[in-house]
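Structure record follows, encoded as structure tokens.
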Amino acid sequence: MAWTDLVPDLLGVFFFAVSGSLLAVRRHFDIVGSLMLGTCVGLGGGILRDVILAAGVPRAFDSPIYLVPPVVAAIVVYFFAHVVQRFHDVLITFDAAGMALFSVTGTLVSLAEGMNPVAAAILGLITAVGGGVIRDVVANDVPQVFRARGLYAIPALLGAGLTSLASWADWFNLGAGAAIAALVFGLRMVSLRYRWEA
Amino acid sequence: MAWTDLVPDLLGVFFFAVSGSLLAVRRHFDIVGSLMLGTCVGLGGGILRDVILAAGVPRAFDSPIYLVPPVVAAIVVYFFAHVVQRFHDVLITFDAAGMALFSVTGTLVSLAEGMNPVAAAILGLITAVGGGVIRDVVANDVPQVFRARGLYAIPALLGAGLTSLASWADWFNLGAGAAIAALVFGLRMVSLRYRWEA
Amino acid sequence: MAWTDLVPDLLGVFFFAVSGSLLAVRRHFDIVGSLMLGTCVGLGGGILRDVILAAGVPRAFDSPIYLVPPVVAAIVVYFFAHVVQRFHDVLITFDAAGMALFSVTGTLVSLAEGMNPVAAAILGLITAVGGGVIRDVVANDVPQVFRARGLYAIPALLGAGLTSLASWADWFNLGAGAAIAALVFGLRMVSLRYRWEA
């Protein structure tokens with residue numbers, strides 16, 4: 001995996017892991033529970049994707065470097081959670097950032113495994129929302145992807161669809177990926193700010 | 001896959017997707033949430049089966065036609081949900097129809113992948129109840145298969161077992177499959193009507 | 001699989017299945033729900049491990065003998081649940097015994113499939129805690145591994161890590177495995193007794 005693929009994926013893991021560790025703190029889990037939930041949220045979407053792709057052991061288990069972001073996230077959250085004032089907003093923001101990155105990287109991984117463009121976009125969507133579903137089910141919330149404030153599944157599917165389309169048209173590069181992720185993140189945050197509903 | 005296998009499987013997906021979309025409406029999810037939950041419920045049991053069968057990418061991702069029933073279900077539910085009077089009964093009925101079909105088709109798929117008759121029946125049971133478990137966990141209910149009104153797991157296992165037995169004895173054909181599914185559906189509905197408990 | 005590997009694994013399935021069936025009784029599930037939940041809890045961690053290992057059909061489906069412990073557990077619980085006085089303590093004790101055994105056997109299976117020592121230990125942890133997570137999610141509880149009374153994830157990871165280390169150093173044998181499982185079980189129970197928190 002080239003570093004241009006690996007770095008955005010690890011960043012996505014980190015953002016989702018922060019959202020999981022934050023929720024753990026909010027629910028009064030201890031530091032171990034925070035690390036465990038952050039790890040599940042950060043790696044869950046990608047593991048789900050890799051299991052469905054049936055392409056061998058999920059990369060999170062092959063490459064121990066995937067364990068680094070959840071550990072960093074748990075430590076950061078442990079030391080900074082008490083200074084966070086607008087707890088829910090911070091969680092939602094990190095979740096949106098992870099979702100935006102994974103909608104791109106999840107689709108790219110699926111295309112690289114030979115999926116057709118439609119299936120790759122759907123697997124990108126699953127990567128983007130899977131970790132958050134695990135987080136919310138564990139915490140006994142209805143997962144955001146099913147009942148979000150603002151738009152959630154639409155930006156995620158848009159990001160996955162654009163990535164798939166751009167790759168199919170041979171337009172995809174690092175800049176395009178960054179632009180798509182920024183669009184997804186922006187759309188999610190703006191829809192929250194102005195309370196758009198589908 | 002012959003159309004005699006594909007059509008009942010797609011019908012099962014449709015019935016379960018309706019149950020998921022109905023529950024989404026009942027819980028005040030928007031149309032996107034309704035489509036997402038319907039898709040998860042309709043395809044979840046089969047994806048779970050295919051992942052356990054370890055026979056490559058689940059057929060729902062290989063064949064885009066599997067996405068059609070959840071889309072139709074979400075649209076139908078969107079336009080007709082407000083005229084439904086006995087909401088819970090309709091949900092339970094569609095769930096029973098999906099469960100009855102999947103107990104047959106899930107077992108057939110597993111036999112076709114070379115599983116022994118016992119394992120195939122258990123995978124048929126998993127196909128038949130998997131989508132509903134996902135639906136109920138997401139909605140924070142205890143899954144019906146664990147605590148149903150009436151009988152649930154018993155008809156599902158009966159259908160899967162009869163399908164496995166009939167295939168092993170080389171008696172299975174389209175008529176036998178339809179009869180088994182009708183028996184499973186009937187047993188489920190009668191047990192609800194007369195409040196049978198295991 | 002040698003009987004020295006199979007027997008501890010089946011014992012772990014039995015212990016976890018008892019914990020699932022006990023919770024089912026406590027939640028007023030019927031005997032079928034009790035058998036279903038016990039089976040999911042007993043086999044869930046190992047199926048999750050085998051799916052991630054991508055090494056073919058999970059052994060619970062290949063070897064019908066894995067269905068015996070959950071059936072025995074459901075029968076035992078059915079006849080003895082009403083004499084149990086300290087319900088929650090019994091459930092926690094069986095859960096701890098299953099977790100201790102699976103932290104060893106789950107790691108061994110993963111090493112045998114060629115995983116590196118770190119990934120094998122993490123898969124041992126997943127095997128040890130996966131069934132309990134399924135049980136608690138189904139019952140709408142926050143899974144113990146995330147918010148346990150006493151220590152939970154730490155003993156499980158310690159057991160998996162020691163097993164991985166001992167195998168790597170070529171020190172592992174049946175006695176070492178028994179000693180590690182006893183240590184994990186003891187640490188879990190002592191941490192509960194004295195209310196240790198991470």
Side-chain angles (χ1 to χ4, degrees), chain A residues 17 19-68 70-71 74-75 77-78 113 130 133-143, chain C residues 47-58 106-107 110-111 113-130 132-158 161 164 187-188 191 195-198:
Chain A
S19 82
S21 289
L22 276 174
L23 186 62
V25 169
R26 196 181 184 189
R27 297 288 167 108
H28 306 294
F29 296 8
D30 58 26
I31 175 77
V32 177
S34 171
L35 174 61
M36 298 286 294
L37 188 56
T39 306
C40 289
V41 176
L43 302 181
I47 291 172
L48 199 56
R49 176 200 62 216
D50 290 351
V51 164
I52 291 174
L53 281 170
V57 176
R59 65 194 59 214
F61 290 89
D62 254 358
S63 317
I65 197 171
Y66 274 89
L67 297 173
V68 175
V71 171
I75 294 171
V77 167
Y78 187 76
E113 292 291 346
V133 169
I134 294 171
R135 178 191 63 220
D136 297 341
V137 164
V138 161
N140 276 333
D141 287 338
V142 172
Chain C
I47 291 173
L48 199 58
R49 176 199 63 215
D50 289 351
V51 164
I52 291 174
L53 281 171
V57 176
T107 306
S110 304
L111 287 168
E113 292 291 344
M115 301 298 284
N116 66 59
V118 172
I122 292 169
L123 277 163
L125 172 65
I126 289 174
T127 313
V129 308
V133 168
I134 293 170
R135 179 191 63 220
D136 297 341
V137 164
V138 162
N140 277 332
D141 287 338
V142 172
Q144 286 194 60
V145 66
F146 296 116
R147 190 172 49 184
R149 287 191 308 146
L151 305 178
Y152 196 97
I154 288 175
L157 188 55
L158 181 72
S164 201
L187 184 55
R188 168 86 183 115
S191 78
R195 297 165 187 271
W196 293 345
E197 304 290 339

Region of [X] in contact with chain A, defined by heavy-atom distances below 4.5 Å:
X: C/I126; result: side chain
X: C/L125; result: side chain
X: C/L53; result: backbone

Checklist entry - Would A/V32 and A/M36 satisfy side-chain contact (heavy atoms from CB on, under 4.5 Å), going step by step from the backbone distance to the final call? => result CA-CA 6 Å; A/V32 177; A/M36 298 286 294; 4.1 Å; yes
Find the distance between [atom1] ([X]) and [atom2] ([Y]) and round it off to the nearest 0.5 Å.
X: A/I65; Y: A/R59; atom1: CD1; atom2: CZ; answer: 13.0 Å
X: A/I134; Y: A/I47; atom1: CD1; atom2: CD1; answer: 7.5 Å
X: A/S19; Y: A/L37; atom1: OG; atom2: CG; answer: 8.0 Å

Item to check | Under 4.5 Å from any heavy atom of chain C - which part of A/L67 | outcome: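 Contact with chain C involves the side chain of A/L67 alone.
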Item to check | Residues of residues 135-142 of chain A within contact distance of chain C, non-hydrogen under 4.5 Å | outcome: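 The list, in residue order, reads A/V137, A/V138, A/N140.
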Next on the checklist: Does any part of the side chain of A/Y78, heavy atoms only, come nearer than 4.5 Å to the side chain of A/L35, both counted from C-beta?
Outcome noted: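 Sidechains of A/Y78 and A/L35: no contact.
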Item to check | Side-chain heavy-atom pair A/L23, C/F146 within 4.5 angstrom cut-off | outcome: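 No. Closest side-chain heavy atoms not under 4.5 Å.
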Checklist entry - Looking at C/L123, C/V118, C/V133, C/N116, which has the largest count of heavy-atom pairs under 4.5 Å with chain A? => result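 Most pairs with chain A among the choices: C/L123.
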Item to check | Those residues that, when tested against A/E113, pass side-chain hydrogen bond (donor to acceptor under 3.5 Å, both in side chains) (two or more places apart) | outcome: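 Scan of A/E113 (side-chain hydrogen bond (donor to acceptor under 3.5 Å, both in side chains), adjacent residues dropped) gives none.
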Checklist entry - Taking all atoms of both residues into account, what is the closest heavy-atom pair of A/S21 and A/S34, and its distance? => result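 Shortest heavy-atom contact: OG-O, 3.0 Å.
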